Amino acid sequence: MIELRHPLWLALLGLVPALWWLHRLRDRGFDFPVAALFLWQPSKVAVSQGMRIDTADPAWRRRALLAAVAALALAGPLLHSGQAPLTVWVDDSPSMFATESGTTRIELAAAEVVRRAQADAVSGFTLRSLGDPAVAIHVDSARELADKLTSWPVARQNLRPPPPVLMDKSQRHWLVSDGADRDLADWSANAPLAAIIEVGSKRNNAVIDAIAARANPDNARMMDLQFHIRYSGSIPGSRTLVISGTKNPGEQIVELAPGLPHVVTASAAMGQTITARLEPPDAMALDDSLVLTGDASAAIAVRIGADCPAALTDALDAIPGLEPSAAPARRAGLIVACASMSDLPPTDSPAVYFVAPETGMQRLPAPQWSAHAGPLRSIPVDNVSGAEIALGPGVAVTPLLSADGRTVIALHQSPGQSPAIYVGLAIDNTAWTPQTSFALLVARLAELVTERQLLDPVIEIRQEVTDEAISPRYRMRPNVVAIPAAESDREIAPWLICAALLLVLWDLVALIAGARGTAAPAAGTAK
Amino acid sequence: MAERALNDPLAAVDQTELKRLASVAGKLLAGRSSTMGGGRPHRRQAGRGLEFFDHRPYIAGDEVRHVDWRQSARRETPMVRRFVHEASTDWLVCLDCSASMQSAARRKWALGLQIAAAVSYLLLYLGDRVAFAGFSEDLDAICKPGRGAAHYTRLLMVLRDLVQRSGGKASQPGACASLARRGDAAILITDGLRADGMKPDIALLAAQCAHVRVIQLEDTRDCRLPGAADLRLVDVETGMARSIANSDALMRTARTVRDNIAQSLRSNCLTHAIPYTRVDAGSHWRDALISHLVPVASRRD
């Protein structure tokens with residue numbers, strides 16, 4: 001496509017008729033002396049009538065063409081060649097992989113990029129990820145571009161606008177995005193982008209953002225549930241939340257207001273699998289359902305050794321997240337045993353061993369928790385008797401509680417094996433075990449070894465992709481910064497000037513040839 | 001001697017060749033007057049007659065009875081007697097000095113000068129009196145009648161002065177009629193480029209002179225144009241101009257027109273029983289002269 005920067009110069013084309021008229025006013029050709037003029041009697045010659053002849057000098061066409069070419073050159077024509085190098089910045093956030101009408105947004109973007117590239121006759125592309133702007137992929141054809149985009153991986157990092165140094169102004173830059181990222185939308189307002197290809201037309205997305213479960217304080221076997229729903233529509237809407245696995249399964253209509261969070265509560269038995277689904281599903285069904293598995297909320301079965309005192313059994317039984325179990329068929333999630341070091345039962349489950357010393361207990365002088373103890377460090381262990389834990393030479397342990405340089409509580413974890421905590425404290429101390437500190441110590445040890453929150457378990461499961469990442473909430477700014485013409489377009493004026501010079505040369509050659517052709521025969525008459 | 005001071009093209013008229021041609025011309029004319037209808041008896045010319053004219057070396061074909069044995073013995077070479085021709089004439093050589101003769105590289109002009117010189121030599125050699133007139137619209141150069149080698153030199157000087165002279169205007173050969181006396185012979189050397197075929201002028205000369213000859217010089221370059229597409233043709237005689245678009249058809253038309261004019265001139269000559277020869281400007285003066293004389297000799301024989 002050709003654009004004229006100074007089209008007023010085209011008014012010079014109005015001089016072409018004047019050129020024709022001027023060429024009628026002069027004699028045509030060179031003077032050539034002949035012996036007798038009456039010999040030359042063509043039927044259609046322009047007979048000289050003073051200075052005026054009937055037909056114009058044919059050279060007027062050449063000169064009119066010269067004038068036209070000069071006028072065009074002055075008009076500053078620009079050729080939008082479409083051949084400038086093109087960099088396509090790809091928004092590869094998870095939202096770009098949301099499906100709309102059976103096609104992911106990035107596939108839609110690939111199709112649009114290919115269509116525009118073919119329309120602009122772009123031949124070379126550089127694809128850059130907004131998740132990692134340093135990565136550049138060069139492709140040569142639109143087909144290869146489509147293949148690369150459709151197989152584009154999800155960004156491993158958060159999106160970030162590219163650094164200015166990568167926005168080379170000698171190239172054209174296109175942005176492919178769904179407008180789900182606020183920073184990217186803000187950046188696009190002032191970035192030197194030649195085009196923004198925005199995909200993701202669905203903007204009434206509702207998402208089950210999270211399901212949170214917590215043990216009921218009144219009934220440890222039950223859990224209270226919260227369903228967090230977010231809505232990114234621009235006008236109020238409604239959905240039906242279909243819940244299964246709860247105490248009262250059913251449907252609940254949720255009125256959704258734009259931009260506000262919505263929470264729906266329910267209760268269910270511990271360990272129950274909870275499924276929540278929004279009806280009707282919107283175009284982006286990826287985030288319309290969420291499942292809280294029963295394993296996440298079920299109590300851990302704990303097998304308590306027969307030699308353990310009642311105080312320990314009571315303490316374990318009081319932990320909401322544990323369920324004492326004596327059934328040998330059920331795999332225990334936690335083993336608690338009380339025996340001498342040599343009599344401890346082997347297990348592949350996490351275990352807490354209360355070790356009976358061989359030599360007898362001693363009051364611990366100034367016991368100290370180690371840095372690895374975590375929440376245990378707040379538990380007072382003063383006036384407690386105990387003995388050193390000795391697992392034998394070559395066995396690596398992590399000391400949790402030490403006294404006088406001797407390890408009293410140790411964590412042992414070998415690669416590929418479940419962790420085990422060895423406790424050298426005396427648990428037959430009737431003065432200490434009824435105290436809250438003992439029950440708290442047992443609970444924290446169980447939490448540490450099972451790596452679960454057992455005292456007040458709050459289970460939360462969230463969408464892998466957040467509402468903000470999925471919903472195309474932020475529209476790209478329309479004020480696209482154009483690439484300067486001089487950097488993306490091709491000037492035609494130099495070519496036209498060359499053509500004009502060639503025309504001038506042609507005219508001169510024609511004049512000289514005519515003069516020489518006339519001068520040679522005329523030389524004889526000059527003497 | 002006159003050759004030394006001559007410039008081209010008159011320098012090309014070699015006297016040795018002229019003498020050789022004169023002997024041939026003498027044979028062609030069989031020693032008779034170059035006129036075909038007689039002439040004035042009182043004019044002195046070597047030929048058949050009773051009055052002694054001079055001696056000359058014997059050449060093959062001479063009658064033995066004309067050998068002057070006394071002179072031959074004295075000069076130790078065969079000599080024959082020549083007699084005053086009873087029919088020797090006065091000739092007027094008319095050369096067209098118009099500008100058209102000098103166009104197209106002046107080939108016609110050069111050949112015209114050479115033919116004028118050669119004809120004059122031959123006529124003088126044959127004993128005739130020769131006058132010269134260069135004409136265009138008027139008489140541009142005149143050489144009074146004369147006889148002998150000295151007159152030939154005078155003629156060459158007049159022709160030499162004409163060599164460098166620029167062309168005059170239109171061809172008016174009738175202007176020469178004022179120089180001719182009734183009974184004279186005239187030879188007209190012209191390119192004949194006049195739209196009327198010089199009909200009135202030919203008629204005027206034929207009426208004034210007892211005998212007229214016409215040698216028309218033509219140059220193919222007169223009908224040729226340079227390569228330029230557009231030209232403004234200027235008549236060298238009239239100065240009139242005409243703009244034309246060059247083409248082969250135009251040049252073909254010009255050749256046709258020229259041929260028609262030549263045919264018209266020839267017809268005029270035939271009407272007045274005037275010998276007419278059309279000579280190409282590229283020819284040698286000797287060939288041109290022979291081509292004009294041979295038909296004459298053939299007719300006489």
Side-chain angles (χ1 to χ4, degrees), chain A residues 19-65 503 506-527, chain B residues 98-110 163-167 170-171 191-196 217-219 221-247 249-261 281:
Chain A
L19 274 175
W20 171 80
W21 185 77
L22 287 172
H23 280 75
R24 291 182 71 242
L25 291 183
R26 65 175 293 276
D27 280 333
R28 186 175 57 185
F30 297 94
D31 286 354
F32 180 73
V34 293
L37 194 60
F38 58 83
L39 293 178
W40 308 97
Q41 297 174 343
S43 57
K44 294 181 180 179
V45 295
V47 179
S48 176
Q49 299 174 348
M51 286 299 291
R52 189 179 183 89
I53 57 177
D54 293 338
T55 58
D57 182 355
W60 85 271
R61 296 186 181 90
R62 191 165 56 237
R63 287 154 194 167
L65 181 61
L503 286 172
W506 180 20
D507 204 28
L508 285 175
V509 168
L511 286 172
I512 293 171
R516 292 182 65 180
T518 306
T525 60
K527 291 180 180 179
Chain B
S98 66
S100 64
M101 283 287 287
Q102 302 189 11
S103 67
R106 298 165 65 103
R107 294 202 307 169
K108 289 183 294 186
W109 180 237
V163 169
Q164 301 298 335
R165 179 172 176 170
S166 59
S171 301
D191 59 1
L193 283 179
R194 255 178 48 182
D196 58 358
L217 307 178
E218 68 174 15
D219 193 344
R221 298 182 186 185
D222 285 340
C223 299
R224 200 180 299 167
L225 294 176
D230 303 307
L231 293 168
R232 182 174 175 269
L233 304 182
V234 180
D235 193 308
V236 293
E237 294 182 354
T238 64
M240 292 179 63
R242 176 179 297 171
S243 295
I244 56 101
N246 196 354
S247 67
L250 185 67
M251 288 189 276
R252 281 195 300 273
T253 304
R255 285 194 291 271
T256 303
V257 173
R258 185 195 61 190
D259 292 342
N260 291 339
I261 289 172

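The structure presented is a predicted model; accordingly, all values stated were derived computationally and were not measured. Every chain is numbered from 1, with letters handed out A, B, ... down the list of sequences.
- If you tally non-hydrogen atom pairs under 4.5 Å between each of B:Leu233, B:Thr256, B:Thr238 and chain A, the highest count goes to B:Leu233.
- When all heavy atoms of A:Ala35 and B:Leu193 are compared, the closest pair comes out as CB-CD1, 3.5 Å.
- Ranked by heavy-atom pairs under 4.5 Å with chain A, the first of B:Met251, B:Met101, B:Arg107 is B:Met251.
- Using a 4.5 Å cut-off between heavy atoms, B:Arg221 does not touch chain A at all.
- Across A:Leu37 and B:Arg242, no two heavy atoms sit closer than the pair O-NH1, 3.6 Å.
- Minimum heavy-atom separation, B:Asp222 to A:Leu39: O-CD1, 4.0 Å.
- The two residues B:Ala195 and A:Phe38 have their closest heavy-atom pair at N-CZ, 3.6 Å.
- For the pair A:Phe32 and B:Val234, the minimum side-chain heavy-atom distance is 4.5 Å or more.
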Subject >> Chi angles and distances behind the side chain to side chain contact (heavy atoms under 4.5 Å, CB included) call for A:Trp40, B:Thr253 >> reply: CA-CA 7 Å; A:Trp40 308 97; B:Thr253 304; over 6 Å; no
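- Heavy atoms of B:Arg224 lying under 4.5 Å from chain A belong exclusively to its backbone.
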